[in-house]
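Take a look at the structure set out below.
Both counts, for ligands and for their atoms, begin at 1 and track the order of listing.
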Amino acid sequence: MKEFQLIEHYFRNKGQKRRDVELSIGDDCALVNPAENKSIAISCDTLVENVHFLADIPAHALGYKSLAVNLSDLAAMGAEPAWFTLAITLPSVEPEWLERFSDGLFEIAEYYGIALIGGDTTRGPRCISITINGQVIKGSALTRGGACNGDWIYVTGTLGDSALGLDILRGAKIVNTEDKEYLINRHYYPTPRVLAGQALRNLATSAIDLSDGLVSDIQHVLKASKVGAIIDVSQIPLSASIKANLSREEALSYALTGGEDYELLFTVPESQRGAIDTALIHAGVKFVKIGQICAGDKLKLVDDGEPFVPVSRGFEHF
Ligand code: ADP
Ligand code: MG
């Protein structure tokens, strides 16, 4: 199969059509017509085999996850997904693999109403790179830079599941059969908090998506906002599946330092707390308060008032 046949068969005329796309796949560039009062939010994430995903990842999961991690960046800015391009590098053309990859990719693309408008197809070690474009009303994008002393810190969902799922896949952890599928799915099929991010516009003072782990990612907010933070680890949301299989210490270690949760961390002033409750309940997302922004530039972890040091998981994150 030639390159153009591959594009035609697996990527062109698939998924979402949008009226703001004037020219899609097939020419030298795509043409899109953004709304007049909106800024365009742009982000790019690359997944490299054996670095960002295991070689035996199901093709459907890889297609889904490649777009999910990019959508998560739009979510963190409060942007609405609009268009994306796909640069795909493969060692060979395997029709069944491509079919499943394309199914996974368009499953999530259609759910979020985002259109594939172009890309690049090359031969080489397996690698997927997506550039995503979203729109957000001018001046209302969430950034990492607005957290203020006294703001409350929240996270969506539960933390640590994806890192535990990865360890199960790598054979580094064994869990109950009834929790195994859930945890692996949390690793393969992250849920970008797109609606929650949009609901937080004009309410949250800062936001970030958790891709490297809470302790590491919150530092970006502290640095950009020039503030410190106190987090009470007893408030960190843990799934029933993680609690059923790990000690509290170990579960907290996954939740604080494990990567790839793709949940949102955001800060809210006291005056907006009620509004946040309403906004996020409408977005259908669970969220909890885990701490507070303070003066300084340090992150302090406490466990019901006592200083807390997460236990090492004893190996490097993949
Ligand atoms: P060029 O040589 O001008 O870069 P290509 O032959 O690489 O053009 O691509 C032809 C068309 O197909 C372009 O519109 C490009 O955006 C699109 N395209 C190429 N690869 C992909 C892909 N993997 N997914 C979606 N569109 C693609
Ligand atoms: Mg090209």
- Message: So, regarding Leu116 and ligand 1 (criterion: nitrogen or oxygen to nitrogen or oxygen, under 3.5 Å), is there a contact or not?
- Response: no
- Message: Please list, in number order, the atoms of ligand 1 under 4.0 Å from a heavy atom of Ile25.
- Response: 12 (O), 14 (O), 17 (C), 25 (C), 26 (N)
- Query: Which of the numbered atoms in ligand 1 are below 4.0 angstrom from a heavy atom of Gly118?
  - Reply: 16 (O), 24 (N), 25 (C), 26 (N), 27 (C)
- Note on the structure: Near Ile88 (heavy-atom distance under 4.0 Å), the atoms of ligand 1 are 23 (N)
- Under 4.0 Å from ligand 1, counting heavy atoms only, is it the side chain of Glu3, its backbone, both or neither? side chain
- Give the contacting part of Asp120 toward ligand 1: side chain, backbone, both or neither, where contact means a heavy-atom distance below 4.0 Å. both
- Task: Give a yes or no on whether a salt bridge exists between Arg186 and Asp161, defined as a side-chain N under 4.0 angstrom from a carboxylate O.
- Result: yes
- Message: Quick check: do Ser102 and Lys14 have side-chain heavy atoms less than 4.5 Å from each other?
- Response: yes
- Any atoms of ligand 1 less than 4.0 Å from a non-hydrogen atom of Asp28? List them with their elements. 3 (O)
- Note on the structure: Closest heavy-atom pair, Ser253 versus Val311, reported as atoms and distance to 0.1 Å, is OG-O, 3.0 Å
- Message: Need the ligand 1 atom indices (1-based, order shown) with element for anything under 4.0 Å from a heavy-atom of Asp27.
- Response: 13 (C), 14 (O)
- Does the distance from a Lys or Arg side-chain N to an Asp or Glu carboxylate O, for Glu110 and Lys17, drop under 4.0 Å? no
- Minimum heavy-atom distance Ala76-Leu142, with the two atoms named: O-CB, 3.5 Å
- Query: Looking at Thr46, Asn70, Asp120, which one forms a side chain to side chain donor-acceptor pair (under 3.5 Å) with Ser129?
  - Reply: Thr46
